[in-house]
Amino acid sequence: MIETSLVVRTASPIGTISPRLYGHFAEHLGRCCYDGLWVGTGDIDLPRYGGFRKDVVDALKAMPVPLLRWPGGCYADHYHWRDGIGAPHERARRLGMSCGLQVEDDNSLGTHEFIALCRLLGAEPYLAGNVGSGSPQELCDWLEYCNTAVHTSLQRERAANGSPEPFGVRLWGVGNENWGCGGSYDAETYAREYRRYATMLRHVDPKAEMVACGHDDAWNEQFMDTNRRHMPLMDHFSIHRYWINGGKELDFDDEHYYGLLAEADATEDFVRRTADMIRAALGNATHKVGIALDEWGVWHPEARSWGPDGAELHREPITYEQAGTLRDALAAGVAFEGFHRQCGVLSMANLAQIVNVLHAPVMTEGAAMWVTPTYYAFQLHVPHIGAQALPVEVLHGASVPGSANAVSGTASVQAGETAVTLINRHLSQPAAVALQVAGSRQVIEAKILTATSPRDCNSAQEPDRVTLAALSVGEDGQGRWRVELPPHAMATIRLM
Ligand code: AHR
């Protein structure tokens with residue numbers, strides 16, 4: 001049994017945990033958008049909201065989904081928004097392309113449908129624009145179509161398509177991974193291209209928040225060097241981080257278990273380094289540029305065409321679908337700790353992806369729908385959304401391979417309530433945790449996510465194998481709360 005003691009530093013708030021840090025990402029890739037979210041308005045025996053699966057939307061609403069990025073990913077740099085408006089039966093059928101897949105795309109899920117989905121979910125929309133095969137004019141037109149109240153032809157067209165009121169989409173991605181699938185640009189060329197797009201977009205809607213495409217440290221450095229004098233043209237700088245070194249999705253060994261959690265942990269360093277570069281580029285300017293970690297999550301070798309180390313473990317054909325285990329949920333929890341610590345510089349984060357694909361919280365198979373342990377990781381963090389993040393210090397305890405604390409935590413305060421989420425990363429040892437939260441007198445609720453094995457997951461056959469349970473919280477008579485966490489577990493305690 002690990003004995004550990006943690007203290008929440010209630011007097012030193014870090015900043016606000018924006019709802020945008022709990023964002024999601026829906027790409028036209030595999031069965032994420034088509035089949036997962038959207039099943040169409042035709043003759044199908046599934047309860048629906050318009051063409052969206054009711055069971056999926058209801059589950060997502062309860063997660064919740066404060067922000068949703070669409071339509072890609074790599075898909076975005078092939079996407080022509082005009083294909084997805086107007087009478088559905090007249091819409092163009094295009095080659096739907098992302099990540100090497102080619103499918104027939106009937107464009108039945110277009111801009112109006114996406115906005116309708118966001119409204120159903122209560123999500124803020126974030127549109128990713130096409131730089132790779134598009135033009136500044138095409139993206140300006142999409143922005144005008146979505147947001148203008150001036151009686152232009154595009155405004156009238158939007159009204160004729162059912163939306164006289166502007167959609168008011170604030171977040172606009174200027175391309176996606178333009179160092180790779182989005183056009184194989186070098187950083188300097190993209191930085192100049194970005195300037196051109198952002199200048200023109202800003203004229204169309206000065207309130208639009210523009211997201212520039214980042215990559216690794218070398219690209220980011222070069223981008224900042226090139227655009228140092230043009231930083232006000234950028235509101236967010238996008239970086240992606242997939243955790244890819246965790247071995248097999250189910251059959252992983254201990255080293256891979258800890259390796260994946262360490263990778264999730266290291267996401268924070270990447271955010272920190274990127275923030276330093278942005279800070280240096282901004283100099284004394286008052287303008288703010290946030291970091292948009294607009295794709296993050298676990299990407300197992302079964303669901304990708306490359307690696308590890310030349311070994312191809314992927315299923316044939318590649319569907320970008322993978323088993324989502326308790327380990328993946330713990331990795332998400334580890335990342336949330338970093339998101340909270342970095343909430344002053346991280347302006348959004350989007351899990352990749354929302355349904356069926358990669359680190360999905362919701363899965364479907366025919367008429368069946370179930371949620372993955374990662375879904376519950378999100379639910380455990382709901383009390384932190386919009387709250388003030390508080391530092392959590394580990395006073396003493398054990399560590400795990402990779403030297404992270406075996407038990408770590410994140411905390412926040414909102415409307416007089418303090419929420420603390422704890423993770424016991426240890427594979428085999430339970431932990432007795434003493435927790436100090438000044439001023440707390442009462443437990444409102446405590447919930448835990450764990451399972452017999454970190455390899456456990458849910459499925460159509462066993463949808464409730466891994467789920468949330470009540471956790472009992474005691475007191476030690478010295479002003480500290482006491483909880484016992486089983487190995488590989490995550491829990492949230494709400495206190496007043
Ligand atoms: O999420 C899958 C893919 O990963 C996205 O299309 C791309 O942006 C990234 O490489």
By side-chain hydrogen bond (donor to acceptor under 3.5 Å, both in side chains), which residues pair with [X], not counting sequence neighbours?
{"X": "Tyr258", "result": "none"}
{"X": "Ser347", "result": "His236"}
{"X": "Thr421", "result": "His384, Thr492"}

[X]/[Y] ion pair, N-O < 4.0 Å:
{"X": "Arg279", "Y": "Asp276", "result": "yes"}
{"X": "Glu104", "Y": "Arg93", "result": "yes"}
{"X": "Arg91", "Y": "Asp106", "result": "no"}
{"X": "Arg241", "Y": "Glu268", "result": "no"}
{"X": "Arg228", "Y": "Asp225", "result": "yes"}

Salt bridge (charged side-chain N to carboxylate O under 4.0 Å, His left out) involving [X] - partner list, sequence neighbours excluded:
{"X": "Arg53", "answer": "Asp55"}
{"X": "Glu263", "answer": "none"}
{"X": "Arg195", "answer": "none"}
{"X": "Arg48", "answer": "none"}

Looking at [X] and [Y], would you say the former's side chain and the latter's main chain have a donor-acceptor pair under 3.5 Å?
{"X": "Asn227", "Y": "Ala191", "result": "yes"}
{"X": "Tyr257", "Y": "Arg425", "result": "yes"}
{"X": "Asn178", "Y": "Val131", "result": "no"}

After noting the C-alpha distance and the side-chain angles of Met63 and Leu60, does the key distance pass the side-chain contact (heavy atoms from CB on, under 4.5 Å) rule?
CA-CA 5 Å; Met63 188 162 53; Leu60 292 174; 3.8 Å; yes
What pair of heavy atoms forms the shortest contact from [X] to [Y], and how long is it?
{"X": "Val211", "Y": "Ala292", "result": "CG1-CB, 4.1 Å"}
{"X": "Ala26", "Y": "Cys32", "result": "CA-SG, 3.9 Å"}
{"X": "Asp294", "Y": "Ser238", "result": "OD1-OG, 2.9 Å"}
{"X": "Leu346", "Y": "Ile291", "result": "CD1-O, 3.4 Å"}
{"X": "Asp83", "Y": "Ala92", "result": "OD1-CB, 3.8 Å"}
{"X": "Ala123", "Y": "Leu67", "result": "CB-N, 4.1 Å"}

Taking atom types as modelled and ignoring hydrogens, do the side chains of [X] and [Y] form a donor-acceptor contact shorter than 3.5 angstrom?
{"X": "Glu144", "Y": "Thr152", "value": "yes"}
{"X": "Ser408", "Y": "Glu337", "value": "yes"}
{"X": "His314", "Y": "Ser305", "value": "no"}
{"X": "Gln322", "Y": "Glu249", "value": "no"}

Tell me if the aromatic rings of His230 and Tyr194 count as close, with their centers under 6.0 Å from one another.
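No, too far apart.
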I want to know whether Tyr375 and Trp370 have ring centres closer than 6.0 Å.
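No, the ring of Tyr375 stays outside the 6.0 Å limit from the ring of Trp370, centre to centre.
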What pairs meet the disulfide bond (SG atoms under 2.5 Å apart) rule with one or both residues in residues 92-177, with sequence neighbours excluded?
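Every pair satisfying disulfide bond (SG atoms under 2.5 Å apart) with a residue in residues 92-177: there are none.
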Disulfide bond (SG atoms under 2.5 Å apart) partners of residues 315-351, not counting sequence neighbours, each pair once
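Passing the test, one end in residues 315-351: no pairs.
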Evaluate Asn176 against Glu295 for side-chain contact (heavy atoms from CB on, under 4.5 Å), listing each step before the verdict.
CA-CA 10 Å; Asn176 169 78; Glu295 289 183 31; 3.2 Å; yes
Can you list the steps and then say if Met348 with Leu171 is a side-chain contact (heavy atoms from CB on, under 4.5 Å)?
CA-CA 10 Å; Met348 76 172 97; Leu171 291 165; 3.8 Å; yes
Considering residues at least two apart in sequence or located in another chain, which fulfil the disulfide bond (SG atoms under 2.5 Å apart) criterion with Cys74?
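For Cys74 the disulfide bond (SG atoms under 2.5 Å apart) partners, ignoring immediate neighbours, are Cys181.
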One pair to check against ring-ring contact (aromatic ring centres under 6.0 Å, His included): His28 and Trp70. What are the steps and the verdict?
CA-CA 8 Å; His28 288 240; Trp70 175 84; 5.6 Å; yes
Report yes or no: is the cationic atom of Arg304 (NZ for Lys, CZ for Arg) closer than 6.0 Å to the six-membered ring centre of Tyr320, at no more than 45° off its axis?
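No cation-pi geometry.
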Does the structure place the NZ or CZ of Arg69 under 6.0 Å from the centre of the six-membered ring of Phe25, at an angle of no more than 45° from the ring's axis?
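Yes, a cation-pi geometry.
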Checking side-chain contact (heavy atoms from CB on, under 4.5 Å) for the pair Asp328/His359: CA distance, chi angles, key distance, verdict?
CA-CA 8 Å; Asp328 301 337; His359 197 162; 3.6 Å; yes
Value rounded to 0.5 Å, distance of [atom1] in [X] from [atom2] in [Y]:
{"X": "Thr374", "Y": "Gln379", "atom1": "OG1", "atom2": "CD", "result": "12.0 Å"}
{"X": "Thr372", "Y": "Asn458", "atom1": "OG1", "atom2": "CG", "result": "7.5 Å"}
{"X": "Met97", "Y": "Asp77", "atom1": "CE", "atom2": "CG", "result": "11.0 Å"}
{"X": "Thr267", "Y": "Tyr242", "atom1": "OG1", "atom2": "OH", "result": "12.0 Å"}
{"X": "Asn147", "Y": "Arg158", "atom1": "CG", "atom2": "CZ", "result": "7.5 Å"}
{"X": "Arg119", "Y": "Phe114", "atom1": "CZ", "atom2": "CZ", "result": "11.0 Å"}

Stepwise side chain to side chain donor-acceptor pair (under 3.5 Å) check, Thr364 with Asn356
CA-CA 7 Å; Thr364 66; Asn356 288 331; 2.9 Å; yes
Using ring-ring contact (aromatic ring centres under 6.0 Å, His included), reason through Trp296 and Phe336 one step at a time and then give a plain yes or no.
CA-CA 11 Å; Trp296 67 267; Phe336 291 146; 5.7 Å; yes
Report the residues that fulfil ring-ring contact (aromatic ring centres under 6.0 Å, His included) with Phe237, sequence neighbours left out, ordered by chain and then residue number.
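If we apply the ring-ring contact (aromatic ring centres under 6.0 Å, His included) test to Phe237, skipping adjacent residues, the hits are Phe223.
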By ring-ring contact (aromatic ring centres under 6.0 Å, His included), which residues pair with Phe167, not counting sequence neighbours?
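Once residues adjacent in sequence are excluded, the partners of Phe167 under the ring-ring contact (aromatic ring centres under 6.0 Å, His included) criterion are His112.
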Going by the angle between their ring planes, with limits at 30° and 60°, are Trp81 and Tyr145 parallel, tilted or perpendicular?
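Taking Tyr145 first and then Trp81, their aromatic rings sit tilted (interplane angle of 30° to 60°).
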Could you tell me whether Arg196 atom CZ has more than 12 heavy atoms of other residues or ligands within 6.0 Å of it?
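No, not enclosed.
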Can you list the steps and then say if Trp219 with Tyr190 is a ring-ring contact (aromatic ring centres under 6.0 Å, His included)?
CA-CA 10 Å; Trp219 166 288; Tyr190 170 76; 5.8 Å; yes
